[in-house]
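Here, residue 1 is the first one in the sequence, and each next residue gets the next number.
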Amino acid sequence: MWKNFPLFPEQASTLAGKVDALYFAFLGISTFFGLLVAGLVIYFAIRFRRRSPEEIGRPEKAGMWMEVTWSVIPLIILLGMFAWGAKVFVEAFRPPGDAVEYFVTAKQWMWKFQHPQGNREINDFHVPLGQPIRLTMTSEDVIHSFFVPAFRVKADVLPGRYTTVWFEATKTGTFHIFCAEYCGAEHSMMRGSIIIMEPADYEEWLSGGQPVATLAKTGEQVFAEKTCNTCHKSTAGALGPSLDGVFGTVREFDDGTTTIADENYLRESILEPRAHLVKGFQALMPTFQGQVDEEELVLLIGYIKSLSGAADAAPQGQLP
Ligand code: CUA
């Protein structure tokens, strides 16, 4: 019904309809009660106006039932609105298990995209139709926000950590990407295009340029260049823990605490290895802060994930 409403961007993702339904329901409920209250104020002001200078108002006693009614009904409506909104929110930030992971790196003032197949793009982002796509995003400088109005998807992109969001496109075409967080002089110029293609066209587009190594393959090269592989190997007596199958598992530390090895954990382990030292290993690893840039981090993490056969798998239950 609202699909072609001129004030609204097209709906081009599985989420768009749900967000719009929520939005219009809230708008409808708010408008209804806003008009009701305003109407009653005006009606009562006229109906109970002072008719002569001598008239003295006499207090009305509202019955108990009336108090209960106007408290309980709004409460039920508001709880319903909350539950509905929470459901859509969780859906928007919990990628389905079969979502394919792409990496987004923001910087003043551009968007960089890394495909799992190895292709890289700046400001243009080609993706296949009908495939859930999970974005793992970070920033090289300040806070940005990844916003695709046609998908009703918006998520902050922060320096120093990863945030995720996902979408599944429902129509082919080119849609705007905006930065939705003021990030400096050229914030308004920090735009891009997301190009949704039929899966076959996308495959063709991928192989159209020079043949590229996959993200995991390039990551393996970085892993060797930074000599990570001298310590992190699966042979006995290795100085660092083997990284085979590490992604998504529970890691136990010297102080007895544990965490799930997700992207943010891997990131921390590379940049600040001593922050969470895996039980049974010594603090031998130097920090790689300043030695690897965001794009190399993405490659390393992509490689480590591929060792778990999990290059495409999303850890579940991760909310921003
Ligand atoms: Cu980036 Cu505003």
Side-chain angles (χ1 to χ4, degrees), residues 8-26 78-106 111-116 125 127-139 142-171 175-181 183 190 192 194 196 247-248 250 259-268 294 297-298 301-302 305 310-320:
F8 277 78
E10 259 183 282
Q11 294 180 340
S13 78
T14 51
L15 187 69
K18 295 172 191 172
V19 171
D20 286 4
L22 185 72
Y23 178 79
F24 286 112
F26 279 27
L78 286 172
L79 285 178
M81 289 163 81
F82 171 77
W84 185 4
K87 183 172 170 285
V88 174
F89 178 84
V90 168
E91 270 179 46
F93 286 98
R94 181 173 288 184
D98 60 342
V100 178
E101 183 174 42
Y102 289 66
F103 286 91
V104 179
T105 309
W111 297 102
K112 297 189 280 190
F113 302 97
Q114 166 80 62
H115 295 245
F125 187 25
V127 286
L129 181 75
Q131 163 71 55
I133 287 172
R134 169 178 193 255
L135 303 178
T136 298
M137 310 187 290
T138 190
S139 163
V142 300
I143 300 177
H144 303 273
S145 181
F146 183 83
F147 181 29
V148 181
F151 294 170
R152 310 294 189 272
V153 155
K154 188 197 281 173
D156 276 3
V157 179
L158 311 174
R161 58 165 294 183
Y162 294 115
T163 53
T164 56
V165 75
W166 78 279
F167 61 83
E168 180 183 331
T170 52
K171 62 169 73 158
F175 302 97
H176 290 296
I177 300 168
F178 293 112
C179 179
E181 181 72 49
C183 55
M190 191 169 163
I194 195 156
I196 310 301
F247 183 76
V250 176
T259 196
I260 303 268
D262 60 6
E263 289 89 349
N264 276 312
Y265 168 75
L266 295 180
R267 176 193 180 87
E268 183 198 66
E294 289 298 343
L297 269 175
V298 160
I301 289 170
K305 289 177 81 170
D312 293 347
Q316 292 301 298
Q318 191 181 342
L319 293 173

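Legend: residues meeting side-chain hydrogen bond (donor to acceptor under 3.5 Å, both in side chains) with E91, ordered by chain and number and at least two apart, are K18, K87. By the side-chain hydrogen bond (donor to acceptor under 3.5 Å, both in side chains) test, T170 is found to be paired with no residue, residues two or more places apart in sequence or in another chain being considered. Y102 meets the ring-ring contact (aromatic ring centres under 6.0 Å, His included) test with H115, F125; sequence neighbours excluded. T136 pairs by the side-chain hydrogen bond (donor to acceptor under 3.5 Å, both in side chains) definition with E101, R134, not counting sequence neighbours. Remark: K112 engages E140, E295 in a side-chain hydrogen bond (donor to acceptor under 3.5 Å, both in side chains) (not counting sequence neighbours). Here L78 pairs with M81 under the side-chain contact (heavy atoms from CB on, under 4.5 Å) rule; sequence neighbours left out.
If you run side-chain contact (heavy atoms from CB on, under 4.5 Å) between W166 and each of T14, V153, V100, I133, only T14 comes through.
Annotation: side chain of R152 is in contact with side chain of Q11 (closest heavy-atom distance under 4.5 Å). The shortest distance between side-chain heavy atoms of V104 and W111 falls below 4.5 Å. Between Y162 and V298 the shortest side-chain heavy-atom distance falls below 4.5 Å. Inter-residue side-chain proximity for D156 and S139 is flagged as unmet; no heavy-atom pair is nearer than 4.5 Å. For the pair V127/I196, a side-chain contact is recorded, criterion being any heavy-atom separation below 4.5 Å from C-beta on. Looking at heavy atoms from C-beta onward, H144 lies out of side-chain contact with M137 at the 4.5 angstrom threshold.
Between F93 and F89, the ring planes are tilted. Angles from 30° to 60° get that label.
To the nearest 0.5 Å, atom CD1 of residue I301 and atom CG of residue N264 are 8.0 Å apart. Distance CG/L135 to CZ/F113: 8.0 Å, rounded to 0.5 Å. Atom CZ of F151 sits about 10.5 Å away from atom CG of L15, to the nearest 0.5 Å.
Within a 6.0 Å radius of OH in Y23, no more than 12 heavy atoms belonging to other residues, nucleotides or ligands are found.
Nearest heavy atoms, L297 versus R267: CD1-NH1, 3.8 Å.
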